[in-house]
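Structure first, commentary second.
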Amino acid sequence: MRIDIITVLPELIQSPFEASILKRAVDKGLVEVHMHDLRRYGLNKYNQVDDYQYGGGAGMVMMIEPIDKMITELSAARDYDEIIYMTPDGETLNQRTANHLSLKKNIIVLCGHYKGVDQRVRDLYVTREISIGDYVLSGGELGAAVLCDAVIRLIPGVISDETSALTDSFQDNLLAPPVYSRPAEYKGAKVPEILLSGNGPAIDKWREEQAFKRTQERRPDLLSE
Ligand code: ADE
């Protein structure tokens with residue numbers, strides 16, 4: 001998979017790809033992530049990428065021309081499955097969308113700033129608009145980092161334990177059950193007996209019940225989806 005990120009602040013989104021699971025995925029060649037500084041196509045000697053909005057009002061708008069040039073350059077080199085715009089008014093990111101995107105070959109992620117991008121960019125190029133939640137960030141970069149993390153960890157081979165991603169919260173619309181590690185008792189707090197029993201089928205059943213109970217208590221909305 002290849003992800004091309006278009007941004008005015010490449011340094012803001014660099015670090016997640018230089019650490020942890022994402023770095024390992026990049027090092028293993030399972031994913032390629034490329035940052036593209038939009039200012040490269042900025043206008044005039046200031047490399048301007050934003051301007052006042054028509055009709056007046058506070059806040060700048062990211063102009064169509066630099067974005068058009070960047071997307072045209074990238075699209076000339078390969079076909080893209082999706083051109084995603086990170087924006088608080090997009091569809092809210094969930095596990096289903098992450099699963100779907102993890103199967104794609106090439107995607108562009110466009111990070112907004114200021115009041116966002118000229119609507120014509122959204123009308124002409126963008127195939128999908130994604131929000132990471134009902135709050136406003138100062139730019140799309142942190143949202144893009146969250147999206148990339150959620151997607152990349154699902155690519156086969158990225159997580160060493162093959163089944164691990166399949167038992168995450170939200171796969172099957174259920175939250176994950178509680179987990180425990182050594183010691184079996186700590187300052188009087190005990191690990192549930194069943195997990196020490198060695199009885200595989202009984203443990204599976206217990207985990208299913210716990211996952212269901214937790215989902216019912218915390219996120220009943222998931223059960224009605
Ligand atoms: N840009 C600003 N706020 C955002 C959000 N909530 N999700 C994605 N991109 C954003």
Side-chain angles (χ1 to χ4, degrees), residues 1-22 31 33-42 47-55 57-68 70-71 74 80-104 106-155 168-170 218-219 221-222 225:
M1 176 178 213
R2 176 183 168 118
I3 304 176
D4 288 282
I5 300 176
I6 302 176
T7 168
V8 289
L9 279 174
E11 62 274 26
L12 183 57
I13 193 182
Q14 214 77 261
S15 67
F17 301 100
E18 290 163 2
S20 83
I21 286 177
L22 298 193
V31 65
V33 183
H34 299 269
M35 307 296 165
H36 304 277
D37 189 343
L38 191 60
R39 290 196 191 279
R40 195 150 55 75
Y41 283 119
N47 297 323
Q48 190 180 343
V49 293
D50 60 323
D51 207 344
Y52 297 103
Q53 53 177 314
Y54 278 120
M60 307 292 271
V61 174
M62 288 171 73
M63 290 184 289
I64 188 170
E65 186 172 340
I67 298 172
D68 168 49
M70 186 65 84
I71 291 177
L74 293 170
Y80 285 93
D81 301 302
E82 299 274 8
I83 299 182
I84 299 166
Y85 173 49
M86 301 307 300
T87 176
D89 58 7
E91 54 170 316
T92 309
L93 178 62
N94 58 28
Q95 196 64 34
R96 190 174 346 112
T97 303
N99 286 338
H100 174 80
L101 293 174
S102 73
L103 302 173
K104 302 292 178 190
N106 299 314
I107 64 178
I108 288 176
V109 181
L110 172 63
C111 303
H113 262 269
Y114 323 111
K115 281 280 168 204
V117 300
D118 187 305
Q119 180 60 38
R120 289 168 293 184
V121 171
R122 302 170 73 159
D123 296 341
L124 295 173
Y125 304 109
V126 170
T127 60
R128 199 152 188 161
E129 304 190 327
I130 294 180
S131 163
I132 63 160
D134 289 344
Y135 41 82
V136 177
L137 303 167
S138 49
E141 284 76 10
L142 295 178
V146 167
L147 173 67
C148 288
D149 187 299
V151 168
I152 291 170
R153 62 192 297 285
L154 295 172
I155 298 170
D168 285 342
S169 279
F170 301 113
R218 300 181 182 197
R219 293 292 307 277
D221 58 300
L222 292 175
E225 261 179 30

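Both ligands and their constituent atoms are indexed starting at 1 by order of listing.
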*atom 7 (N) of ligand 1: which of Ile132, Leu147, Val136 has the nearest heavy atom?*
Ile132

*Asp134 to ligand 1, any heavy atom closer than 4.0 Å*: no

*Going by atom types alone, do Asn99 and Ser102 pair a side-chain donor with an acceptor below 3.5 Å?*
no

*asked:* Return the closest protein heavy atom for atom 3 (N) of ligand 1 as residue, atom name and distance.
replied: Leu137 N, 3.0 Å

*asked:* Which residue is it: Met86, Glu11, Met35, His113? I am looking for the one with a side-chain contact (heavy atoms from CB on, under 4.5 Å) to Glu141.
replied: His113

*What's the shortest distance from atom 10 (C) of ligand 1 to any protein heavy atom, and which residue and atom give it?*
Pro88 CD, 3.7 Å

_Could you tell me if Asp68 and Tyr125 have a donor-acceptor pair between their side chains, going purely by distance under 3.5 Å?_
yes

*Does one side chain, of Glu129 or Thr87, offer a donor that lies under 3.5 Å from an acceptor on the other?*
no

_Protein contact to atom 6 (N) of ligand 1 [nearest heavy atom, distance to 0.1 Å]_ = Tyr135 O, 2.8 Å

_Is Gly139 close enough to touch ligand 1? Criterion: a residue heavy atom under 4.0 Å from a ligand atom._
yes

*asked:* So for ligand 1, is Gly143 a polar contact partner (N or O within less than 3.5 Å, distance only)?
replied: no

*With atoms numbered from 1 as shown, which atoms in ligand 1 lie under 4.0 angstrom from a non-hydrogen atom of Ile130?*
8 (C)

*Any heavy atom of Gly112 sitting closer than 4.0 Å to ligand 1?*
no

*Atom of Leu22, atom of Asp149 and distance for their closest heavy-atom approach*: CD2-CA, 3.9 Å

*Under the side-chain hydrogen bond (donor to acceptor under 3.5 Å, both in side chains) test, which residues partner Ser131, sequence neighbours left out?*
none

*Any atoms of ligand 1 less than 4.0 Å from a non-hydrogen atom of Gly133? List them with their elements.*
6 (N)

*Give a yes or no on whether a salt bridge exists between Arg120 and Asp118, defined as a side-chain N under 4.0 angstrom from a carboxylate O.*
yes

